[in-house]
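Values reported hereafter were calculated over all heavy atoms of this structure, with side chains retained and with hydrogens, waters and symmetry mates removed. In this text the structure is predicted, and so the values were computed from the model without any measurement.
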Amino acid sequence: MTVARVDNLTATAGSAILVDGVSFEVFAGEVTALVGASGSGKTTSALALLGEHGDGVRLDGRVEVAGQVVVDSNGPTAANVRGRMVAYMPQHPGSALNPARRIGTTLRELAKLHDGDVEEAVRAAQVPGDRATLRRFPHQFSGGQRQRVALAQALTCGPRVLVLDEPSTGLDSITRLQLVQELHELTEAGLGVLLLSHDLELVRALATRIVVLDAGRVIGDVLPPSPDRPATGTSSAGQPLLEAMNLSASLRPSGRDVVLRDVTLDVRAGACLGVVGRSGSGKTTLARCLAGLHERHTGRILLDGEPLPVLRNRTREQTRRVQYVWQEVRGSFDERRPVDQQVARTAQRLRGLAPDQAHAEAVATLARLGVAAITAARPPSRLSGGELQRAALARAVHANPDVLICDEITTALDDHGTALVLDLLTELKARGTALIWIGHDLGLVAAVADQVLVLDDGRVVEQGPPATLTTEPHHELTRRLVAAARIGNPHTPPVHTIDSRSEPRR
């Protein structure tokens with residue numbers, strides 16, 4: 001049974017056509033996937049199911065959900081389908097969670113409003129339902145955990161259609177595999193799912209139908225194969241550039257809620273240290289400690305053998321030398337200023353470049369990462385998640401850092417975007433930049449790292465060369481990460497083909 005139908009949808013912003021004649025259907029008990037590169041129109045098309053759109057965007061065509069017309073030739077109608085009929089989980093979970101409220105309070109209010117079931121929702125989203133977890137605020141979860149909390153929030157509404165915008169972003173491979181299993185259970189219960197993703201393995205594992213978008217149009221091409229990953233790097237000689245010794249960290253004062261326990265690591269110039277583990281294992285806390293952003297820690301952090309203080313006490317040169325690209329980048333940009341200006345500002349402030357020179361460098365680096373100048377000149381809200389993630393990388397790179405800490409920086413990228421990022425980082429390594437690559441994809445981390453640390457519950461449980469960890473894992477978590485590295489099956493579901501309803505306008 002069809003629970004949502006999009007017919008000849010068009011979205012325009014001034015003279016720009018964002019979505020051009022897109023048509024697809026969502027069926028009860030099935031997953032329809034929208035795939036395509038960042039900026040291809042996936043999110044714009046999906047938001048139309050709720051009658052929503054970005055500022056200055058006009059919708060045309062017809063969108064129906066459970067028999068109600070949400071969009072017609074005059075644009076969005078007065079139909080209110082959000083919640084009970086359609087629930088939307090955004091790519092960046094921080095935008096869906098109230099930072100001032102405990103998650104349990106929010107879930108109970110949503111359940112009361114929509115006659116939902118909190119216990120069932122948190123179970124399906126793989127969020128622990130104990131009192132201590134439900135009393136946490138969103139900032140007390142890792143990025144991957146916030147993603148699951150946002151999913152629980154959507155499921156609490158008891159929707160007929162669930163829109164998932166890049167749901168595997170920030171998830172480790174084991175949790176990603178569990179997500180597949182839980183979504184299978186939800187669809188078997190009759191839920192219709194619209195999946196927006198560039199994660200082709202996730203799509204192959206879940207989707208019944210695939211709609212491929214390119215530049216806002218439906219195309220009839222098959223799914224592209226994943227590009228070959230680069231060969232594993234080789235460790236650089238010399239003394240460690242950045243070191244951490246017996247590093248422990250907590251969420252609360254006086255060492256309460258410990259999330260990192262006695263971690264010791266080092267990385268040399270021109271080398272890459274990979275850090276992998278499940279969501280909530282302490283990966284991001286480790287990155288924030290090294291970047292000077294998490295102050296509740298003990299132990300020693302050294303740069304060139306000298307103590308490295310927390311960020312607010314670092315000199316401008318220390319700040320330049322150690323740069324951090326975090327996972328949820330949207331909140332790190334000022335919505336009032338164009339993205340290219342914010343990228344250029346790093347070189348002005350930390351390297352003393354003139355504004356014109358800094359801007360020219362910023363535009364060139366952004367273009368190399370696949371973000372066109374006309375796109376970068378827009379405010380952050382007008383860029384896709386993948387475009388903004390690459391802009392955040394460009395901003396950090398423009399400091400000319402000696403150490404670059406990358407926290408899940410390819411999670412919002414398609415294969416092409418990931419390849420562009422890896423190409424740039426490979427060049428930085430060749431110049432002598434030390435990389436710390438934090439990720440949940442053990443296969444990708446192993447392909448770029450010289451050494452890999454496996455974190456579990458804040459502790460290093462295994463470490464060594466990537467070839468050893470992937471072929472002879474000793475710890476149970478490492479074995480599970482290796483086993484869960486690929487979840488897609490070899491059989492690709494049928495791809496939606498062009499019909500008369502989705503022909504682009506001439």
Side-chain angles (χ1 to χ4, degrees), residues 1-28 30-91 159-166 192-198 203 207-221 378 381-385 494-506:
M1 179 180 68
T2 302
V3 289
R5 177 180 287 109
V6 174
D7 192 1
N8 201 31
L9 176 69
T10 299
T12 56
S15 60
I17 300 176
L18 308 179
V19 171
D20 193 351
V22 167
S23 299
F24 60 86
E25 294 177 318
V26 180
F27 296 85
E30 295 185 5
V31 176
T32 297
L34 298 186
V35 301
S38 297
S40 62
K42 301 190 300 292
T43 299
T44 300
S45 300
L47 285 176
L49 293 183
L50 295 92
E52 297 185 1
H53 53 78
D55 293 339
V57 176
R58 184 183 183 279
L59 300 180
D60 194 359
R62 188 175 182 86
V63 177
E64 297 180 12
V65 177
Q68 292 198 42
V69 178
V70 181
V71 176
D72 59 19
S73 59
N74 296 315
T77 67
N80 183 9
V81 297
R82 182 156 199 158
R84 186 61 179 170
M85 290 189 180
V86 183
Y88 174 71
M89 193 185 82
Q91 178 177 347
R160 297 185 62 182
V161 178
L162 177 62
V163 181
L164 300 176
D165 195 345
E166 302 288 1
V193 175
L194 180 63
L195 173 65
L196 284 62
S197 185
H198 61 262
V203 169
T208 307
R209 292 173 176 79
I210 297 175
V211 180
V212 184
L213 293 181
D214 182 34
R217 297 176 178 177
V218 175
I219 61 174
D221 294 341
R378 300 168 181 165
S381 60
R382 298 285 301 279
L383 272 68
S384 71
V495 176
H496 182 88
T497 55
I498 299 175
D499 60 25
S500 59
R501 297 177 299 173
S502 56
E503 283 286 342
R505 292 201 308 249
R506 301 298 187 215

| task | Determine whether Leu59 and Pro76 make a side-chain contact, defined as any pair of heavy atoms from C-beta on separated by less than 4.5 Å. | result | yes
| field | Ser23 side, atom OG; Asn8 side, atom CG - distance, nearest 0.5 Å | value | 5.5 Å
| Do you know the tightest heavy-atom contact between Asp165 and Thr43? | OD2-OG1, 2.9 Å
| query | Do the non-hydrogen side-chain atoms of Val6 and Ser45 ever get within less than 4.5 Å of each other? | reply | no
| With distance as the sole test, does Thr77 use its side chain to make a donor-acceptor pair with the main-chain N or O of Val69 at under 3.5 Å? | yes
| message | What's the separation between atom OG1 in Thr10 and atom CZ in Arg217, rounded to the nearest 0.5 Å? | response | 10.0 Å
| task | For residues Ser73 and Arg58, report the shortest heavy-atom separation together with the two atoms involved. | result | O-NH2, 3.3 Å
| request: Any chance you could measure Leu194, atom CG, to Glu30, atom CD, to the nearest 0.5 Å? | output: 12.5 Å
| request: Mind listing the closest non-hydrogen atom pair of Ser197 and Val203 along with its distance? | output: CB-CG2, 4.0 Å
| Of all heavy-atom pairs between Val57 and Ala11, which one has the smallest distance, and what is that distance? | CG1-CB, 4.0 Å
| Approximate separation, where rounding is to 0.5 Å, of Asp20 CG and Thr12 OG1 | 10.0 Å
| field | Cation-pi, Phe27 ring and Arg209 (6.0 angstrom, 45 degrees) | value | yes
| remark: Minimal heavy-atom distance between Val81 and Leu49, with the atoms involved, is CG2-O, 3.5 Å
| request: Please assess Glu25 against Thr32 for the test side chain to side chain contact (heavy atoms under 4.5 Å, CB included), listing each intermediate value before the final yes or no. | output: CA-CA 7 Å; Glu25 294 177 318; Thr32 297; over 6 Å; no
| query | Got a second to check how far Arg382's CZ is from Asp55's CG, nearest 0.5 Å? | reply | 8.5 Å
| field | Contact summary for Ala46 and Val163, nearest pair of heavy atoms | value | CB-CG1, 3.7 Å
| query | With side chains defined as the heavy atoms from C-beta onward, is the minimum distance between Leu34 and Phe24 less than 4.5 Å? | reply | yes
| At what distance, to the nearest 0.5 angstrom, does CG of Leu196 lie from NZ of Lys42? | 6.5 Å
